[in-house]
Each structure stands twice: as structure tokens, then as C-alpha cells.
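Counting starts at 1 for both ligands and their atoms, in listed order. Heavy-atom basis, side chains included; hydrogens, waters and symmetry copies ignored.
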Amino acid sequence: MTNIITDSDLFNPVQMGALQMSNRVFMAPVTRSRYAEDGVPNAMHALYYAQRASAGLIVAEATNISPQGRGYAMTPGIWSDEQVAGWKQVTDAVHAAGGKIVSQLWHVGRFSSVELQPNGELPVAPSAIKAEGKTYTEKGFVDVSTPRALSTDEIPGIIEQYKIAARNAKRAGFDGVEVHSANSYLLDQFLRDSTNQRSDQYGGSIENRTRLTLEVTKAIVDIWGADRVGIRLSPASPDAGNTPLDSNVMATYGYLIKALNQFNLAYLHFVEGATGGSRTVPDDIDLDVLRALFSGPYIGNNNYDLDLALQRRDEGKIDAVAFGRLFISNPDLVARFQHGVELTIAPQESYYGGGAEGYTDWPNGDY
Ligand code: 8OZ
């Protein structure tokens, strides 16, 4: 055993709401696209997550709440009994290994294709504005489809999809859930005036554009209790579909974060910068200022290394840090950090698709 290189409290227990974690180094949600068309987790996925159970908290990869919410082939779901049973294998394995795991509830909104939608229907979105880019389907990469705008009458049905998924996450034995309101997917599409041009009570003013995220959060809180619900936001990330940022990020996300304080959520989780990319944000955006508006615990994410995590923890800017890519190839990331062991960098080819190779075959060391 090598010496422990730091006395930072990053490696000490932390509580967020009702969630008690053994350390502050978390695993971020990472899409790995290794599921069959039914989106059912199996023993391979259970092993993958159990191997990473020394993370203080695992936020499981974004998980489709409904067939309509699906925008990528080979991603998991949480609407069917088979999927719930599959996730139960995963949560049991993580718990047996001493870890904690929450489910990230995901609806892609416009970032989908008719190829992926039930009965070849159009994807749904706040407004009928097409994203840029291609998504991966069972037939390969295709352009995303121009979505259709949801009618006001359909919004309760969207909230119902989140409720079904939230109840299923409970049946599946998760420790909590994270609302995916980031990365330009459905909820974020409602937040941004670039993708939301509605004239009903879900569009126009900031109060209206933040309404769906708040209503979904409230519905999930009613099922889980706020102390097991977190939320992820990415105020400064173009991400899916190269979506323009909101025209007033500080005002829109500031209003949302202050409104979220009414719930006493377990945590707020930010993608700091462009998802998976630069941490630099436009001059008129200050993510630390937004973070400071939140009254509860905060998880920082995006392109961190250990030094940045230690520094931002020392400065009191984060309560925990979530690593994504580093957890792909370092299932024992916490121990590697703590003992100064060199990290393995995963080749990009291993990120998405395939089976056990590049997925469950990274060594868990004994230091
Ligand atoms: C990478 C590839 C596909 C989806 C996200 C769920 O960014 C994702 C995602 C990431 O939130």
C-alpha cells in the first residue's frame, strides 16, 4: 500500500439530503450504449457498476423514462417491468459492494429520430425546431428529425412519464433519482428561449420556461421525498444538437435555482462549461454565482482532474466532484487518487457500443 497523498476531505464521508456517501468523489452519468434494443440491464451492466462502487455516489447513465423519451439506440430504459428487474440486479450489486447509486431520469425531447420513436412518430419538443447533428439508431447514424411541438394538453402526460419512471426507480432499489434537466434535452429545451418559442404557460417568460422542470421536480419529490432527489443542469453547454444557450443564462438559470430551493433537494449537479469539453464559459456567465444561489449541496462536474477537484474543494466551491470519462477506465479511481497511482486513459473507441471489452475489463487495483 502506497502512502495516502492528501488529507483533503474529498475522501471523507459526506451527506446530501438522506444520501450518505463514503467520499466526495462521485461517478458522473456516462452514456456507454451497451444495451440491447429492449434497454434492459443485465449481469454485465451490474458488474460494470459494482466495479465502480467505491465512488461516493454513482449517477447511473442517463436512462430513458419512456419509449418517446428515447433518442439513441442501445441506451437503457426504466419504463418496463423487465427494465426494473434489470436495474434491480444493478442496484443490488452496487449495494453489495458498498456503493450508492441514483437513476438519472432522461427524456431527449427533440434530439431523436423517427427511426427511434414508437410507430415512427415525430419526436416531441417545446417547439418544432430541429436540432443540428446526427444520432445513432439501430440502422446507424441518421439526422435527427424535426420535432413536433407538444400541445399544452400533452404536458401532464410528460409529467406522468417522469412519475412512472420515478416509481420504477424506487422499485428497482435505487438510492434516489437525478432529474436530467441538462445538455439540451427535453427539460433544458423548455428552459432555453432558443428552443422554446411557445406562447402558452410553458413558454415566453422565465417563469413559464422554468415551469416544466419545476413541475417535474415536484412530481418526483412527491414520490421520493426531496432528500433523495437531485437535479443536473448545464447552463453554459450547447451540447446535444449544438443548441444555442439561453439569451440570458444568469437570469433564467438563476430564477430556476432559486425556485428549486423551495424543495430542499439532496443536491444540485452542474456540468461546468461545455459537456465533455471546455470549462471556459462566455464572459457574461458565472457558474459559481449561479451555484451560490442554491441553498443545498453542490456537485461540480466537467473535465476535472484531481488537482482542480482539490483546489475547488479547498476554496469551498464544491461539496463533491463527479468524474465521467476517468471512471470508464479507472473503476478504482478513488483509490488511485488517494494513493497517487497513475490513471489509465480510455481510448475513445471504447466509450460507446460493444460488449464487455473496454467496459468491464479495466483492472481494479489493490494499492
Ligand atoms: C453522450 C452520448 C449520448 C447521450 C448527456 C445523455 O450528455 C447524454 C449523452 C451523452 O446527457
Per-atom contacts, ligand 1 versus Ala62 - under 4.0 Å to a heavy atom: 6 (C)
Location of contacts on Glu61 toward ligand 1, heavy atoms closer than 4.0 Å: neither
Heteroatom proximity flag, Thr275 to ligand 1, N/O under 3.5 Å: no
Minimum non-hydrogen distance to atom 7 (O) of ligand 1, winning option of Asn183, Val271, Thr135, Thr63: Asn183
Electrostatic pair Arg312:Asp319 at N-O distance under 4.0 angstrom: no
Atom 2 (C) of ligand 1: the protein heavy-atom neighbour that sits closest, reported with distance to 0.1 Å: Tyr352 OH, 3.7 Å
Any Gln104 heavy atom less than 4.0 Å to ligand 1: no
Nearest non-hydrogen protein atom, atom 10 (C) of ligand 1: Thr31 OG1, 3.7 Å
Given Arg70, Lys139, Lys134, the one that forms salt bridge (Lys or Arg N to Asp or Glu O under 4.0 Å) with Glu115: Lys139
Heavy-atom donor-acceptor pair, Arg211 side chain to Gln201 backbone, under 3.5 Å: yes
Atom indices of ligand 1 within 4.0 angstrom of Asp239 heavy atoms, with elements: 7 (O)
Parallel, tilted or perpendicular: rings of Tyr298 and Phe270 (30°, 60°): perpendicular
Polar contact flag, side-chain donor to acceptor under 3.5 angstrom, Ser103-Thr63: no
Check against side chain to side chain contact (heavy atoms under 4.5 Å, CB included), Arg336 and Leu326: CA-CA 11 Å; Arg336 289 201 191 204; Leu326 289 180; over 6 Å; no
